[in-house]
Number of protein chains: 4
Amino acid sequence: MGTDSGQGARASAGPARRRGPSPEKTARTRAQVVQAAMAEFLDQGYSAATMAGVARRAGLAKGTLYLYFPTKEALFAGIVRDIVTNPLQEAEAQAIGAEETVADYFRRTLVPVMRRIESSGRAAVARLILAEGARFPVLAEVYREEVFHPLVDHIRLHAARAIARGEPGGEILARHPHLLIAPLWVGMVNNGVIAPDRPLDIGAMFEASLDLIFR
Amino acid sequence: MGTDSGQGARASAGPARRRGPSPEKTARTRAQVVQAAMAEFLDQGYSAATMAGVARRAGLAKGTLYLYFPTKEALFAGIVRDIVTNPLQEAEAQAIGAEETVADYFRRTLVPVMRRIESSGRAAVARLILAEGARFPVLAEVYREEVFHPLVDHIRLHAARAIARGEPGGEILARHPHLLIAPLWVGMVNNGVIAPDRPLDIGAMFEASLDLIFR
Amino acid sequence: MGTDSGQGARASAGPARRRGPSPEKTARTRAQVVQAAMAEFLDQGYSAATMAGVARRAGLAKGTLYLYFPTKEALFAGIVRDIVTNPLQEAEAQAIGAEETVADYFRRTLVPVMRRIESSGRAAVARLILAEGARFPVLAEVYREEVFHPLVDHIRLHAARAIARGEPGGEILARHPHLLIAPLWVGMVNNGVIAPDRPLDIGAMFEASLDLIFR
Amino acid sequence: MGTDSGQGARASAGPARRRGPSPEKTARTRAQVVQAAMAEFLDQGYSAATMAGVARRAGLAKGTLYLYFPTKEALFAGIVRDIVTNPLQEAEAQAIGAEETVADYFRRTLVPVMRRIESSGRAAVARLILAEGARFPVLAEVYREEVFHPLVDHIRLHAARAIARGEPGGEILARHPHLLIAPLWVGMVNNGVIAPDRPLDIGAMFEASLDLIFR
DNA sequence: GATGAATGAGGATTCATTCAT
DNA sequence: AATGAATGAATCCTCATTCAT
């Protein structure tokens with residue numbers, strides 16, 4: 001967020017003639033920083049995270065971090081987008097089939113994602129959003145715009161479609177689209193923090209939720 | 001949490017003969033500390049909270065805090081119970097009527113609580129649990145034992161009752177009791193962090209959820 | 001400047017009833033800080049001075065400094081007034097005698113001050129003013145208002161008196177009051193930095209200057 | 001100052017046979033470095049000056065500076081001579097006329113220089129000398145040997161001449177040669193730091209001083 | 001020669017904790 | 001019991017210096 005070192009504008013035009021370290025090396029280092037920062041912030045939260053911790057994880061010196069991000073806060077802001085990449089993007093991208101009911105469509109596209117959602121540190125992300133969202137509005141904002149609202153809109157859209165087609169459940173889903181993703185949150189909360197040793201089956205809950213809504 | 005400074009076992013036995021502050025005064029001061037600490041930790045999270053901040057809120061000197069809790073961590077641990085007091089306790093305490101369906105029972109006892117849940121800083125509590133639960137297992141543990149499990153058990157119990165009585169929805173609720181409280185979490189997450197300016201009506205979502213489950 | 005711990009408003013009213021360290025102790029510590037900071041800044045200049053250096057000189061921990069001044073810059077600003085206390089104050093305070101010529105008056109009141117000016121670290125002060133005045137306008141400003149202008153005004157005033165009385169030298173002094181203090185500056189520069197091992201006799205130069213101006 | 005990277009002894013001897021940059025190029029780069037360093041040090045003082053700042057001003061990379069000077073301190077020492085170039089050199093070089101009084105000689109040769117002295121950043125130089133002279137004796141030393149003493153000796157020499165010729169003012173000038181340059185210092189101090197917005201007319205003060213000394 | 005990414009020691013500042021009063 | 005000045009370890013950040021390209 002503001003510290004991008006201006007890559008991107010070199011395409012054809014022959015071999016780069018730069019002195020010193022290659023842009024590739026720089027990009028790799030930057031990636032290391034981002035990677036390490038993500039891990040550190042997800043592990044520790046913003047306040048408890050230390051630049052030294054990030055540096056250690058990245059295998060770099062502390063000072064190096066400041067070549068890429070001017071402050072700890074900027075580093076945090078800079079990785080927010082990387083942290084909240086929408087896990088449902090691929091699901092949203094798939095179109096509904098002509099004959100397919102909305103229920104079947106959700107079952108086909110969303111259930112697999114829900115099942116996978118845990119393995120990839122989603123609980124940690126949720127934790128960070130909830131923990132720091134109040135003090136770093138940008139975090140909540142990015143999450144809202146990139147993940148939360150798109151998903152809810154996606155659901156609303158298909159709720160409308162269900163109504164149009166006369167499929168049951170459309171009405172209730174249009175009124176309370178959040179009900180569909182509610183199981184996701186209890187699941188992440190339970191599995192990530194409350195009782196990781198007795199995890200809930202988010203996929204199963206989601207399917208049950210689908211069954212309930214669509215009769 | 002092992003930090004109580006040993007009051008408590010002195011009650012009758014004639015008029016107290018000691019100089020200095022009365023036990024009442026001490027208890028009052030302790031209450032101030034706990035109160036202030038709760039506010040500070042809920043506001044700031046563990047790391048960002050400061051002992052100075054707690055002292056300021058309590059209207060006490062920093063040193064005084066250490067008369068009641070030996071470390072910041074102990075203070076945090078010491079107030080966990082106060083933080084997570086079960087907001088559903090009264091609801092759980094009410095018995096189901098002989099003629100009452102489980103659905104009606106939940107509607108009668110839980111909906112009002114759900115509606116009130118937001119006003120009393122519940123989102124802040126949720127935030128704290130999620131944020132610090134991983135690093136302070138005791139926090140997650142207390143929450144699990146005092147709030148989460150009791151509520152889920154309560155739901156399970158009445159799901160069994162619904163089955164026994166042949167009321168619809170019992171089966172699904174028995175298999176997925178968390179579904180009933182799922183709206184609570186999306187609601188708190190949305191209203192507390194994601195989009196406080198466009199709050200979800202948790203009560204309405206909960207009722208909708210009840211309707212779905214119990215037909 | 002801004003961190004004064006509010007002494008001053010306690011006069012009669014019986015013994016102070018404060019808990020904790022006495023105000024006297026606090027005042028003494030503050031004095032230590034100021035003293036040490038003065039020495040450090042005069043020795044090292046602003047940039048090269050370190051808070052650790054100040055703490056060491058004061059015999060205090062680093063953190064303690066921050067109880068009295070919130071930043072290094074504030075500490076610097078806070079001692080500027082102490083640093084530039086007008087060394088000529090007593091001289092200016094003495095009134096000219098009814099029969100006394102202005103030349104004699106200056107000889108009586110200023111020469112002793114000039115002779116003493118070196119011993120009391122005045123060169124170090126001048127050095128600091130010149131060195132940091134550009135980057136810390138407040139420093140130059142305080143020096144100008146507290147020392148430089150008062151002295152020049154004092155000279156101008158008595159130049160006018162000399163003119164009124166028909167004493168020689170008044171005219172030239174009125175036109176160039178700075179000429180009278182010029183020897184002070186070459187002297188301080190020479191003795192403080194250029195050739196401390198071959199100091200100029202500022203008193204003698206000043207007297208010679210007086211002789212020249214007043215014939 | 002012992003930092004020259006060993007150019008200089010290669011001149012005739014046929015066409016140079018080396019690859020890479022010519023000695024001219026090197027010399028030019030070195031000049032850029034010196035120029036930039038002077039500006040940076042005069043602006044910021046030694047401690048606050050940064051190698052990055054010098055590099056930026058020079059339009060070079062940081063690493064390049066180290067090809068010419070091994071350390072920041074060496075760079076500073078290396079430019080001291082450039083910083084303190086004697087502004088009075090030309091004046092001192094001019095011989096006194098056979099019929100010319102010493103007073104007239106000084107008026108002819110020194111006044112113009114004095115009038116010009118302000119425009120060329122002399123205050124900055126004085127500031128640097130005073131600020132860093134104590135910690136970088138070489139700075140004071142060079143200034144003393146290149147500027148201060150030559151000028152004072154020049155004055156002494158002509159004071160002796162004035163005495164020999166029976167011109168008035170010779171005695172006093174011989175005893176206090178620094179009196180003649182005193183106005184210069186108050187002037188630079190006032191105009192450079194104390195009150196740049198109300199500058200003193202150094203030329204006028206110097207002339208007045210000449211008038212006083214030579215009757 | 002020139003570059004600038006990488007380094008890490010050093011400096012300002014914060015804050016949990018102690019202790020004399 | 002209560003105070004708050006004092007402490008110093010820990011943290012963020014800067015910058016002189018190095019070195020692979």
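To find a chain, count down the sequence lines: A is the first, B the second, and so on, and within it residues start at 1.
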Under 3.5 Å, which donor-acceptor pairs do the side chains of residues 134-142 of chain D form with other protein atoms, sequence neighbours left out?
from     : atom 1 : to       : atom 2 : distance (Å)
D:Arg135 : NH1    : C:Gln44  : O      : 2.5
D:Arg135 : NH2    : C:Gln44  : O      : 2.6
D:Arg135 : NH2    : D:Ala131 : O      : 3.4
D:Arg135 : NH2    : D:Glu132 : OE1    : 3.4

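Looking at the side chain of C:Tyr66, the nearest of the listed nucleotides E:dA12, F:dT7, E:dT3 is E:dA12. In this structure, the nucleotide among E:dT17, F:dT7, E:dT7 sitting nearest to the side chain of C:Thr64 is F:dT7. Closest to the side chain of B:Ala61, from the set F:dG4, F:dT17, E:dT13, is F:dG4.
Residues forming a ring pair (Phe, Tyr, Trp, His ring centres under 6.0 Å) with B:Tyr66 (at least two apart in sequence, or on another chain): none. Partners of B:Ala124 according to the side-chain contact (heavy atoms from CB on, under 4.5 Å) rule, which considers only residues two or more places apart in sequence or in another chain, are B:Leu42, B:Arg127. Under the side-chain contact (heavy atoms from CB on, under 4.5 Å) criterion, B:Ala36 pairs with B:Val54, B:Arg57, B:Ala58, not counting sequence neighbours. C:Arg56 is linked by a side chain to side chain donor-acceptor pair (under 3.5 Å) to nothing, counting only residues two or more places apart in sequence or in another chain. The side-chain contact (heavy atoms from CB on, under 4.5 Å) search around C:Ala52 returns C:Thr50, C:Lys62, not counting sequence neighbours.
Base-pairing analysis of DNA chain E finds the following stems of at least three consecutive Watson-Crick or G-U pairs, with both pairing distances under 3.5 Å: E:2-21 with F:2-21.
The CD atom of C:Glu40 sits 10 Å away from the P atom of E:dG11 (whole-angstrom rounding). Taking atom NZ on C:Lys62 and atom P on E:dG10, their separation rounds to 12 Å, with Å as the unit.
In this model, the phosphate group of F:dC12 is approached by a side-chain N or O of A:Lys72 to a distance below 4.0 Å at OP1 or OP2. Note on B:Thr29: a side-chain N or O is less than 4.0 Å away from OP1 or OP2 of F:dA2.
For the pair C:Lys72 and C:Phe41, the cation-pi criterion (under 6.0 Å, within 45° of the ring axis) is not fulfilled.
When the nearest nucleotides of DNA chain F are assigned to A:Thr71 and D:Gly63 by heavy-atom distance, the more 5′-ward of the two goes with A:Thr71.
For DNA chain F, the neighbouring residues in residues 43-51 of chain D, judged by any heavy atom under 4.0 Å, are D:Ala49, D:Thr50, D:Met51.
A donor-acceptor pair under 3.5 Å is absent between the side-chain atoms of A:Thr64 and the main chain of A:Leu60, judged by distance alone.
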